[in-house]
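Read the structure below first, then the notes.
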Amino acid sequence: MAQRPPPLPGPIATIVVPEVFHPSNFGQLERCPLSVLGPRRGNVADLLVADPAAYVGLVLHHVRHEVLKGRWGGAGDPRHAALKVFAKAVEDLEVALERDQATAGLVPLRVSVGRRHWKSSTMSLARWADSVSTTGSTEPPRCFTLRRRHSLSAAGKPTRVVTGSERALANMELRLAGRPDWFARVDDNTIEVVDFKSGRITDSDGQLLDDHVVQLQLYTLVLEASFPGVRVTPYVEHVTRKKVPWGDRERVRLIRRLRDVASALPGGACLEAEDLARPGAHCSTCRLRPRCSAYLNAAPTWWADQPENPRPLPLDVWGYVLRVRVDEQSVTVRLVDASGRHVHVYGIHRSQGAAGLREGDAAWFFDLEASEDLRQHGALVQPRNFHERAPGPRWRSARSMRLFSQPRC
């Protein structure tokens, strides 16, 4: 008997709210608390695989830190150092990814993210490295002395704070803790705090993305609260640094946002997961979708191509199996999906267990690729034809696709 896909994992029931929040995902926390507070440990088979671009982003972060710390691996200048460290980090990461069956399909990363993204990432890294040699930002981490509120030593001496790469910051009154990519003293009364970004940092109007802005502003708020009287200047750094707006108006707005989140999510409270979920187009980046009952209930109502439905949606589909066709190398499944549409999923690798599906079985497909254009007559649509293995050179393969099933009663 053919192998069957695993069953859909059970829904998340409750969440215990942490005592502190992290600036790096605060914007996401506002959009959907469950996506941030939901379980990330335990049975990883219940989670979707992270986007390959996220892995490339982690590598780029690592490379920048290594270059700024002066770990050049024998290279003579920042550009060659960055590219050398990047190549070694990618090699090591791909070895780790190949050890896990769930992530092995992401290797090689160059292919998974696509030629355009890969080229853009490496070119941006090289341009950033060229700027390092002229900005002097390769100075090693320094210690400086500031008078921290409520934190004098027993002898009454000011606290010494180590600046540099990924140093921990925390303020329990604000319920914030995190590690900015870099912060350093400019002079006795000024601190610069910087976060490195590997992807897009501005919107179509050239304005910094709100998630990046709020992250740096929260770091600034923690530093200001810890060191009264010190001026903190926040920056986002991609190829070059962009100053993040900060002043009295931004401070008031930020504190209001922080209080709203803190009041809705009291530390230590046990809350219903379904009450914390706020499904929408942003679900595309959430690895908890198979376990989020709010998303599973809401998404089918949005699949119809109506103007009011959010777009773009995750490339997921589920419903009841109408027909299964098994070829020598792949499987094709025809479904009537949860919204009543007839849908095809092509090129399913036999290792997924799709050959074991039978008519009437329930099947859930996550992180597919579309086998049709997603923009028709100027509008984004939700496809009816999907694939795992690319049907031709113009398409991408769905290297992170997950399949779950439940036999018919």
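Owing to the predicted nature of the structure, the values given are computational and were not obtained by experimental measurement.
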(request) Indicate the atoms forming the closest heavy-atom contact of Pro23 with Tyr219, along with that distance. (result) CG-CE2, 3.7 Å

(request) Answer yes when Glu30 and Arg257 have at least one side-chain N-carboxylate O distance shorter than 4.0 Å, and no when they do not. (result) yes

(request) Inspect the contact between Asp361 and Arg4 and indicate whether a charged nitrogen and a carboxylate oxygen are less than 4.0 angstrom apart. (result) yes

(message) How close do Pro300 and Asn297 get, counting heavy atoms only, and between which atoms?
(response) CD-O, 3.7 Å

(message) Give me the atom names and distance for the closest heavy-atom approach of Gly105 to Ser112.
(response) O-OG, 3.9 Å

(request) Quick one: list whatever passes side chain to side chain donor-acceptor pair (under 3.5 Å) with Arg278, sequence neighbours left out. (result) none

(request) Could you tell me whether Arg289 and Asp316 have a side-chain N and a carboxylate O separated by less than 4.0 Å? (result) yes

(message) Would you say the ring centers of Phe386 and Trp395 fall short of 6.0 Å from each other?
(response) no

(request) On the 0 to 90° scale, with breaks at 30° and 60°, tag the Phe196-His65 ring pair as parallel, tilted or perpendicular. (result) tilted

(request) Apply side chain to side chain donor-acceptor pair (under 3.5 Å) to Asp260 and list each qualifying residue two or more places apart in sequence or on a separate chain. (result) none

(request) Check His62 against Ala89 and note the closest heavy-atom contact, atom names and distance. (result) CD2-CB, 3.8 Å

(request) To the nearest 0.5 Å, tell me how far Asp51 CG sits from Thr285 OG1. (result) 9.0 Å

(request) Check step by step if side chain to side chain donor-acceptor pair (under 3.5 Å) holds for Arg334 and His342. (result) CA-CA 7 Å; Arg334 183 181 179 185; His342 282 216; 2.8 Å; yes

(message) Against Pro52, only a single residue in Leu106, Thr103, Val111, Val107 fulfils side chain to side chain contact (heavy atoms under 4.5 Å, CB included); can you say which?
(response) Leu106

(message) Check Asp211 with Arg31, please: is the shortest side-chain N to carboxylate O separation under 4.0 Å?
(response) yes

(message) Under a 4.0 Å threshold between the charged nitrogen and the carboxylate oxygen, would Asp248 count as salt-bridged to Arg251?
(response) yes

(message) According to side chain to side chain donor-acceptor pair (under 3.5 Å), who are the partners of Arg341, at least two apart in sequence or on a separate chain?
(response) Asp337

(message) Just checking Trp318 against Tyr295, ring centres under 6.0 Å apart?
(response) yes

(request) For the pair Asp195 and Arg241, find out whether any cationic side-chain nitrogen is under 4.0 Å from an anionic carboxylate oxygen. (result) no

(message) With a sphere of 6.0 Å drawn around CD of Glu328, does it hold more than 12 non-hydrogen atoms of other residues, nucleotides or ligands?
(response) no

(request) Find the distance between CG (Leu37) and CZ (Phe21) and round it off to the nearest 0.5 Å. (result) 7.0 Å

